[in-house]
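Below is one structure, written out as structure tokens; the observations come after it.
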Amino acid sequence: MKRILLSSRPGLKSCFQPPSHRFRIVTANYATMGHTIPELKDKSLFKQQAFVNGQWIDAKSGKKFEVHDPSTGKLVGTMPEMDKTDCENAIAAADAALPEWRRLTGRQRGRLLHKWFDLMTEHAEDIAKLITLENGKPFADAKGEATYAASFFEWFAEEAPRSYGDTIPASVPGNRVYTVKEPVGVCGLITPWNFPAAMITRKIAPALAAGCTIVSKSPGETPLTAAALAELSVRAGIPKGVVNFITALENTVEIGNTLTSSQTIRKVSFTGSTNVGKLLMKQSSDTLKKLSFELGGNAPFIVFDDADLENAVNGAIASKFRSSGQTCVCANRIFVQEGIYDDFAQKFAAKVRDFKVGYGYDEGVTHGPLIHERAINKVVDHVADAEKNGAKVVQGGKKIPELGPTFFQPTVITNMKPSMKIMSEETFGPVAGLFSFKTEKEVVDMANQAEVGLAGYFYSKDVQRCFRVAEAIETGMIGINTGIISDAAAPFGGVKYSGFGREGSKYGIEEYQIIKTVTVGGIGDLQS
Ligand code: SIN
């Protein structure tokens, strides 16, 4: 059977073993290779079970899968390898919890979400430690993610009581028409490893705010962070069955199939690859589910001649190398107008040269590993393809075996051509390819060649150009004179093969609601 995975960054089956003499056991549960990782302040956040119907449980089969530190390959925990039956039990629990949860007022649900936000904020350091442990991103970035993740609870705690319907002037005399927003029902959430906390909270918070209950499939590579979030849900007082976290690595496809084909699940929200999104959409068609998909990107990052060069360089660094290039909104194709190309390339490469690649907990580390060796292989392939076709690696370009098999040098490549792979494929790694262009029209055409359209960025000081180009670029999100656009307050989502639906913002909650129309007839005249 062909194995189809639920994210563009599928399961880590570690095939490398770090040299054992470099291990230093830090706690009974987790350790890393000669690099101290701080212990959790609250050790009870380290869970190695799934969370269903208010209980910490194992898979019915008793099977488990391993979780590894991508920096070292070291085993850091195990989790239940759940299957269809386990998933169905979680769906049943969410279904049973739905009537009472949806009956609460938005204000009551919002208060509980706010408690969850407070707890995440209080435990942000511990959440960040878990993120670095299983995802590898530097601790400072992981702390940023913990804060970002918590912000979705805060945002949707505030949206929950403000879910207004409309009063509609009826066409029929004597009729009155109004709408109410109702929860869509039980939701299945499937999230990736690149933001082990934020991608989950971005879905759970609006779902719960709307009055839905959920079954969340934790990412196979990063389930420990998800389990800590589940533990905080208990402390926040979220009633049993409202949130259910199931875990699987090998059975990920089976779980995806169970969620999408269930009659009880009324909505699936997925973040991951376009190919898997297409599969999940097909699987959901028999039960006509509501869907929202945040799929792959291939973000254009355009620097016009009139840009503030320093700002543009900094923005490109932030956008391209965030999480070592492993976000869906990372710049993938950097287009620089010919008049400033050499200057930009030189300044950009100089900044990249200053990065410190290493283990996430080590002092001064700015960039961590990639999630697994398959990710490295793609990066190697993109660099080789560019070089073979005449591009020039001006910085990096190689693996870093002395750090481990998942480390790659932050790389800058000049003389890129549109025929090269980076133009059409998302690299999802720390490789910046710089393309040169002459005119606004030419660069917008190149930007729009991608079949995906999640984020795009450009730098210019010309106000008219800013409007023109923002309107012409085919993406769901545009950053003008900034390389960072993520914010719980701003709608996040794409067009074309990047999917549909919006997360965060005032629109995010609508993805988990239906509009019910109520028509009252025969009002008549005042009775005398
Ligand atoms: C993603 O990579 O899918 C999300 C990135 C973000 O929220 O900034």
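When a ligand or atom number is given, it counts from 1 through the structure's own listing order. From a predicted model like this one, the values you see are computed outputs, not experimental measurements.
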Under 4.0 Å to a heavy atom of M199 - the qualifying atoms of ligand 1, by number: 3 (O), 4 (C), 7 (O)
Can you tell me if Q326 has a non-hydrogen atom under 4.0 Å from ligand 1? no
Quiz item: cation-pi between K398 and F408, 6.0 Å / 45°: no
Tell me whether R235 is salt-bridged to D118, with the criterion being a basic N under 4.0 Å from an acidic carboxylate O. no
Parallel, tilted or perpendicular, judged at 30° and 60°: which one describes the rings of F304 and F458? perpendicular
Taking only non-hydrogen atoms of E294 and a 4.0 Å limit, the atoms of ligand 1 in range are 1 (C), 3 (O)
I'd like to check whether C328 has a polar contact with ligand 1, where a contact means an N/O of the residue lying under 3.5 Å from an N/O of the ligand. yes
Side chain or backbone of E145 under 4.0 Å from ligand 1, or both, or neither, by non-hydrogen atoms? neither
With heavy atoms under 4.0 Å as the rule, classify the contact between N194 and ligand 1 as side chain, backbone, both or neither. side chain
Considering only heavy atoms of T327, which atoms of ligand 1 have at least one such atom less than 4.0 Å away? 2 (O)
Per the side-chain hydrogen bond (donor to acceptor under 3.5 Å, both in side chains) rule, which among E426, E425, K421 passes with H382? E425
At a 4.0 Å threshold, what atoms of ligand 1 neighbour a non-hydrogen atom of R322? 6 (C), 8 (O)
With the threshold set at 4.0 Å, does a side-chain nitrogen-carboxylate oxygen contact exist between D381 and K378? no
In ligand 1, the atoms that come under 4.0 Å of a heavy atom of Y148 are 6 (C), 7 (O), 8 (O)
Proximity winner for atom 6 (C) of ligand 1, if only heavy atoms of A198, G297, S486 are counted: S486
Identify whether NZ of Lys or CZ of Arg in K137 sits under 6.0 Å from the centre of the six-membered ring of F195 and within 45° of that ring's axis. yes
Salt bridge (Lys or Arg N to Asp or Glu O under 4.0 Å): pairs with one or both residues in residues 492-508, sequence neighbours excluded: R202-E503, K203-E503, E474-K496
